[in-house]
Amino acid sequence: MKPFSRLYLPLAGIRVLDMTRVLAGILGDLGAEIIKIEHPTRGDDTRSWGPPDAPYIDGVERTFPGESAYYLSVNRNKKSLGLSFNNPTGISILHELARKCDVIVENYLPGSLSKYKLDYETLSQINPSLIYASVTGYGQTGPYRDRAGYDVMVEAEMGLMHITGERDGPPVKVGVAVTDLTTGMYTAIGVLAALYARRDTGLGQWIDASLSDCQVASLANIASSGLVSGKKDSGRWGTAHATVVPYRAYKTGDTNVAVGGCNDRLYGILCDKIGKPEWKKDPRFITNALRVKNRDTLDRIIEDELKTKTTKEWLDIFEGSGMPYASVNDIQGTLNHEHVLARNMIEQVSHPACGPLKLVNHPVKYSRIEPKIRSPPPMLGEHTDEVLRELLGFSDTEIQDLKDQKTVA
């Protein structure tokens, strides 16, 4: 069998119309052509979510001081079409794009695109093979369907905030918009499954993905415990684990280190490495059940020992032991981590207005393909002329007329 070229990408030839505003879209890394629809003057909401911004260095004066880091984080491998669709001409352009696309992804409130004739029912008649993915806060049905859904509200409503934070502290949100990200991944899986199903049926379908459903699914074993026991959950545990001890982050002489004595053998390694082998036979700590029962005492004496050395010293001691351990790194420590760099997780690209930019790379490695950042996040309307001319067959004069009418930019 002839080997695939590593330049081949599995979604090459798939065209996606991206009508999301804020976060969505990971299919471009796998080769799909992504056409991003943006408001012709203000663009995607995340364009204004700076600072920090990557400053413009091309000398052109613009509305924003640069491209926001937030926007840059989620819009690589896309083309930008600045288009207003609050008029018949803009709607007609979107209908023609829908005819030529395999997938549409949108994140408007349920029913709000119907007045523009951009709903699934209308577009599936124009293109029966179209896969139409709707990403909302609470889904297309249910009593909360008309609520605007943002990550932090869904984290609060659907249990995640309640179980996140220190044991005796208030509920807190996760440090990144994890519900947005999880929903994006579930949506991508749904789109891929629908593309696979279309091979046999020739028909697309409507994918209803919501932050609320995906957050409930992401509760994983915590939800399962509640369903099995029927009892109230055990609350917040900080970096600790409800049923495994010791398994958490502890203070060291300078920062913090996480260690995992997740079973009797690993607990024994921890005891040896911190110079307390006698703790292995201490009747209070012989089994995990006893360690959980005497958690406060064990955590206190472990931390007292770990405070006697720096994190770097403990990392050197734990190296090669077979016990899970890690320093608690800040973001710069992560981005410059030797393993992160060795895995090519940071890639530099050339931006037309900002110059060289570093972006986080696609995380999954494949043996036959190499997903990568093929193009930097686009400037607002950077590909308007290209899409209208090459995909839809508009002439230069027609494109200029659309610009004069402020339908495109």
Side-chain angles (χ1 to χ4, degrees), residues 11-22 24-28 30-45 74-108 112-135 187-188 190-191 194-195 198 202-207 374-375 377-409:
L11 296 186
I14 297 296
R15 183 176 292 127
V16 179
L17 188 60
D18 180 2
M19 295 183 64
T20 60
R21 305 152 302 154
V22 192
I26 58 173
L27 302 175
L30 296 173
E33 177 187 6
I34 313 289
I35 299 173
K36 180 178 180 65
I37 304 300
E38 299 193 69
H39 187 279
T41 55
R42 63 175 180 267
D44 186 298
D45 288 354
V74 290
N75 283 292
R76 78 277 195 97
N77 295 330
K78 296 184 181 182
K79 296 177 180 178
S80 172
L81 168 58
L83 174 68
S84 173
F85 54 87
N86 62 354
N87 60 79
T89 303
I91 293 171
S92 176
I93 290 172
L94 283 175
H95 282 180
E96 287 305 307
L97 285 171
R99 196 186 308 276
K100 294 178 177 292
C101 284
D102 300 280
V103 179
I104 284 183
V105 186
E106 59 89 9
N107 69 342
Y108 289 78
S112 60
L113 288 178
S114 297
K115 63 183 177 181
Y116 302 110
K117 297 182 179 178
L118 295 171
D119 54 296
Y120 174 69
E121 184 177 355
T122 301
L123 296 186
S124 64
Q125 292 175 4
I126 293 173
N127 180 1
S129 66
L130 183 68
I131 293 157
Y132 188 108
S134 296
V135 182
T187 303
V191 167
L195 285 169
R198 193 180 68 173
L203 298 174
Q205 56 187 298
W206 191 7
I207 294 171
R374 303 186 312 282
S375 60
M379 302 286 291
L380 175 57
E382 181 179 343
H383 303 93
T384 296
D385 289 14
E386 174 189 330
V387 171
L388 294 177
R389 184 188 303 113
E390 297 181 11
L391 186 58
L392 300 184
F394 282 75
S395 67
D396 290 343
T397 301
E398 289 171 322
I399 293 172
Q400 187 58 52
D401 287 343
L402 291 170
K403 291 179 178 178
D404 292 341
Q405 298 164 15
K406 302 191 183 306
T407 299
V408 304

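- Residues F394 and I93 form a side-chain contact, since some pair of their non-hydrogen atoms from C-beta on lies under 4.5 Å apart.
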Carefully, step by step, assess T41 and H39 under the rule side-chain contact (heavy atoms from CB on, under 4.5 Å). CA-CA 6 Å; T41 55; H39 187 279; 2.8 Å; yes
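- Annotation for I131 and G204: closest pair CG1-CA, 4.0 Å, computed over non-hydrogen atoms.
- Side-chain contact between L94 and L83 is present, with heavy atoms from C-beta onward closer than 4.5 Å.
- At distances below 3.5 Å, at least one donor-acceptor pair connects side-chain atoms of S124 with backbone N or O atoms of Y120.
- A409 is linked by a side chain to side chain contact (heavy atoms under 4.5 Å, CB included) to P40, counting only residues two or more places apart in sequence or in another chain.
- Counted by atom type alone, Q400 and D404 present one or more donor-acceptor pairs between their side chains at under 3.5 Å.
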Under the criterion side-chain contact (heavy atoms from CB on, under 4.5 Å), I'd like the reasoning laid out for I14 against L27: C-alpha separation, chi angles, the key distance, then a yes or no. CA-CA 9 Å; I14 297 296; L27 302 175; over 6 Å; no
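- In this structure, G202 and S129 approach most closely via the heavy-atom pair O-CB, 3.4 Å.
- Taking CZ from R15 and CG from L97, the interatomic distance works out to 8.5 Å, rounded to the nearest 0.5 Å.
- Atom NE2 of H95 sits about 10.0 Å away from atom CD of Q125, to the nearest 0.5 Å.
- To the nearest 0.5 Å, atom CD1 of residue I37 and atom OG of residue S84 are 11.0 Å apart.
- Counting non-hydrogen atoms of neighbouring residues, nucleotides and ligands closer than 6.0 angstrom, the CZ atom of R42 reaches no more than 12 such neighbours.
- Annotation: the span from K36 atom NZ to N77 atom CG amounts to 13.0 Å, rounded to 0.5 Å.
- Note: T407 OG1 to D401 CG = 10.0 Å, rounded to the nearest 0.5 Å.
- With rounding to the nearest 0.5 angstrom, the CD atom of E96 is 13.0 Å from the CD1 atom of I91.
- Between V16 and V191, the closest side-chain pair of non-hydrogen atoms is not below 4.5 Å.
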With side-chain contact (heavy atoms from CB on, under 4.5 Å) as the test, would you mind laying out the steps for L130 and V103 before giving the verdict? CA-CA 6 Å; L130 183 68; V103 179; 5.7 Å; no
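- Side-chain contact check for R198 versus D102: some heavy-atom pair is nearer than 4.5 Å.
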Report the C-alpha distance between I104 and L118 in whole Å, list the side-chain angles of each, state the deciding distance to 0.1 Å, and finish with yes or no for side-chain contact (heavy atoms from CB on, under 4.5 Å). CA-CA 10 Å; I104 284 183; L118 295 171; over 6 Å; no
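- Side-chain atoms of W206 and E121, non-hydrogen and from C-beta on, never get closer than 4.5 Å to each other.
- In this structure, T384 and L402 have side chains that are not in contact, with every pair of non-hydrogen atoms separated by 4.5 Å or more.
- Between the side chain of N127 and the backbone N or O of C101, at least one donor-acceptor pair lies under 3.5 Å.
- When atom types are taken as modelled, the side chain of N107 and the backbone of V135 share no donor-acceptor pair closer than 3.5 angstrom.
- Side-chain atoms of T122 never come within 3.5 Å of backbone atoms of D119 as a donor-acceptor pair (strictly under, hydrogens ignored).
- At a threshold of 4.5 Å between non-hydrogen side-chain atoms, the residues V387 and E33 do not count as touching.
- Side chain of E38 to backbone of D44: a donor-acceptor contact under 3.5 angstrom is found.
- The main-chain N or O of I34 is never found under 3.5 Å from a side-chain atom of D18 such that the two would form a donor-acceptor pair.
- Below 30°, between 30° and 60°, or above 60°: for F85 and Y108 the angle between ring planes is above 60°, a perpendicular geometry.
- With hydrogens and angles disregarded, no donor-acceptor distance shorter than 3.5 Å links the side chain of E386 to the backbone of H383.
- A side-chain donor-acceptor contact under 3.5 Å links R374 to the backbone of G28.
- Contact between G393 and E398 at its shortest, heavy atoms only, is O-OE1, 4.3 Å.
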